[in-house]
Number of protein chains: 2
Amino acid sequence: MTPARRRDSARSRELLLQAAVELFTERGFDRTTTREIGERAGVDPTLIARYYGGKTQLYVAAMEAEFGSAPPADLLDEDRLRMLLDGVLRRGPGPAYRVAVQPYDDPVVQDTARTQLHDRLVAPLTDHFTRSGLDRPRLRAELAVAAFVGVMLGRGSGAFDQLAEAGPDELLLLVRDLLGGVLPRS
Amino acid sequence: MTPARRRDSARSRELLLQAAVELFTERGFDRTTTREIGERAGVDPTLIARYYGGKTQLYVAAMEAEFGSAPPADLLDEDRLRMLLDGVLRRGPGPAYRVAVQPYDDPVVQDTARTQLHDRLVAPLTDHFTRSGLDRPRLRAELAVAAFVGVMLGRGSGAFDQLAEAGPDELLLLVRDLLGGVLPRS
DNA sequence: ATCTGAAGACATCAGCTGATGACATGACTC
DNA sequence: GAGTCATGTCATCAGCTGATGTCTTCAGAT
């Protein structure tokens, strides 16, 4: 974080975005208020409207920031899976994960989530399956990603005791095996 | 549906519950209003407070009604999986599925969802794994259920094109193989 | 030093939501 | 048929939420 001038719109924008990513990840869109975002960011919440246009557009920006410059990740590559899993365990499953599990009214939100998930997760898997000569590569990829999303969100839901407590190493092995289920048995 | 007397509290209760299950399934708790529930049920929405105590308690009732008298289902038993999948494809993943993927404020809602999911889905799988002599049977069961929930919710989210269009037969085979991933490779 | 526009703070609005209390109406008992 | 309680209806409230418009304040240019 830069030095902190008294007035710095770029910095305020960034603080709002960061707080939004955190809160949207923790509670989702509906249960997060613009006032909470402003409070956590230490920035007046009305600036959300000024800099982003509104709460909805901030959510879109949060989804785009969520993956950042991270490269697409093949969930069946153990190293890539480890990196992705580490990130999610540290920061939680971001805003796009939630849209993958509940439809939203705004088509822009929908499209952004679908695009992000597709580019980062579905497409690499689809390629993987295509190279392997499997039928329905795209469907298999979407299935695996949806399952992965379910597991990541399930960890923090309070509905699964042991899943919430499982450590990274153990989780990595189990998730790897689970996702391996979309491949034909050897 | 019974004959339809002019005044029948039991019937009104039931209509409200049915509408609630549908709407909570379609849009979740936050995006469903008591007025919508009343409208769909053809019943005055204030009766929700009278008969159930409030929207939250109605959600709890909806979760309990969701599984009805359905017996616990071992997701790794192909016949049971088919039955469960058919139900979800017809009626959608109910209120308890949503709680499995996002924490709720009310502890009663949390506990009800956890209990329902555990009794109906996690416990049978845990037994299955225990009988198979696998390590971490409970964790594996929770993982499989979370993945299943992710796939079911992902179908209706609009984020996965092919998953949304996949037919029951195709889906059954793929989900069966996916969940088989929690078993050691033969 | 002054001016000016950007950046931020503040008060406030309109809409929605769940809930409540008062009232009306019907059904059943005696 | 009078009385009584369950059932249903209606108006309304208080709180929250996102958004807007106005005013203040500061930084940098001239």
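Model, not experiment: these values are computed from the prediction. Letters A, B, ... mirror the listed sequences (proteins, then strands); counts begin at 1.
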Task: A:Glu26 bridged to A:Arg40 by N-O distance under 4.0 Å - done: yes
Open item on the list: Counting only side-chain heavy atoms from C-beta out, which of D:dT7, D:dT9, C:dA7 sits nearest to B:Tyr51?
Closed with: D:dT7
Open item on the list: List the residues meeting ring-ring contact (aromatic ring centres under 6.0 Å, His included) with B:Tyr52, not counting sequence neighbours, and say none if there are none.
Closed with: none
Open item on the list: Closest approach to the side chain of A:Thr46, judged atom by atom: which nucleotide of C:dT20, C:dC10, D:dG8 is it?
Closed with: C:dC10
TODO: Indicate the ring-plane relationship of A:Tyr97 and A:Phe67, choosing parallel, tilted or perpendicular according to the 30° and 60° boundaries.
DONE: parallel
Task: Listed nucleotide nearest any side-chain atom of B:Ser9, set C:dT20, D:dT7, C:dA9 - done: D:dT7
Task: Spacing of B:Arg7 atom CZ relative to D:dA6 atom C1', expressed in whole Å - done: 8 Å
Task: Separation of C:dC10 C1' from A:Ile48 CD1 (nearest whole Å) - done: 16 Å
Pairwise N/O distances under 3.5 Å, protein to nucleotides 12-18 of chain D:
unit_1 : atom_1 : unit_2  : atom_2 : d
D:dG18 : OP1    : A:Thr32 : O      : 3.3
D:dG18 : OP1    : A:Lys55 : NZ     : 2.6
D:dG18 : OP2    : A:Thr34 : N      : 2.9
D:dG18 : OP2    : A:Thr34 : OG1    : 3.2
D:dG18 : N7     : A:Arg35 : NH1    : 2.9
D:dG18 : O6     : A:Arg35 : NH2    : 3.1

- [ ] Rounded to the nearest 0.5 Å, what's the gap from CG on A:Leu174 to CG on B:Asp135? Could you check?
- [x] 7.5 Å
Task: Strand-adjacent residues in residues 102-113 of chain B, judged by heavy atoms under 4.0 Å from DNA chain D - done: none
Task: Proximity to the side chain of A:Ser12 - top-ranked nucleotide from C:dA24, C:dT20, C:dG8 - done: C:dG8
Task: Side-chain heavy-atom pair B:Glu170, A:Leu139 within 4.5 angstrom cut-off - done: yes
Open item on the list: With a 3.5 Å distance limit and no angle check, can you tell me whether B:Arg176 reaches the backbone of B:Arg82 through a side-chain donor-acceptor pair?
Closed with: no
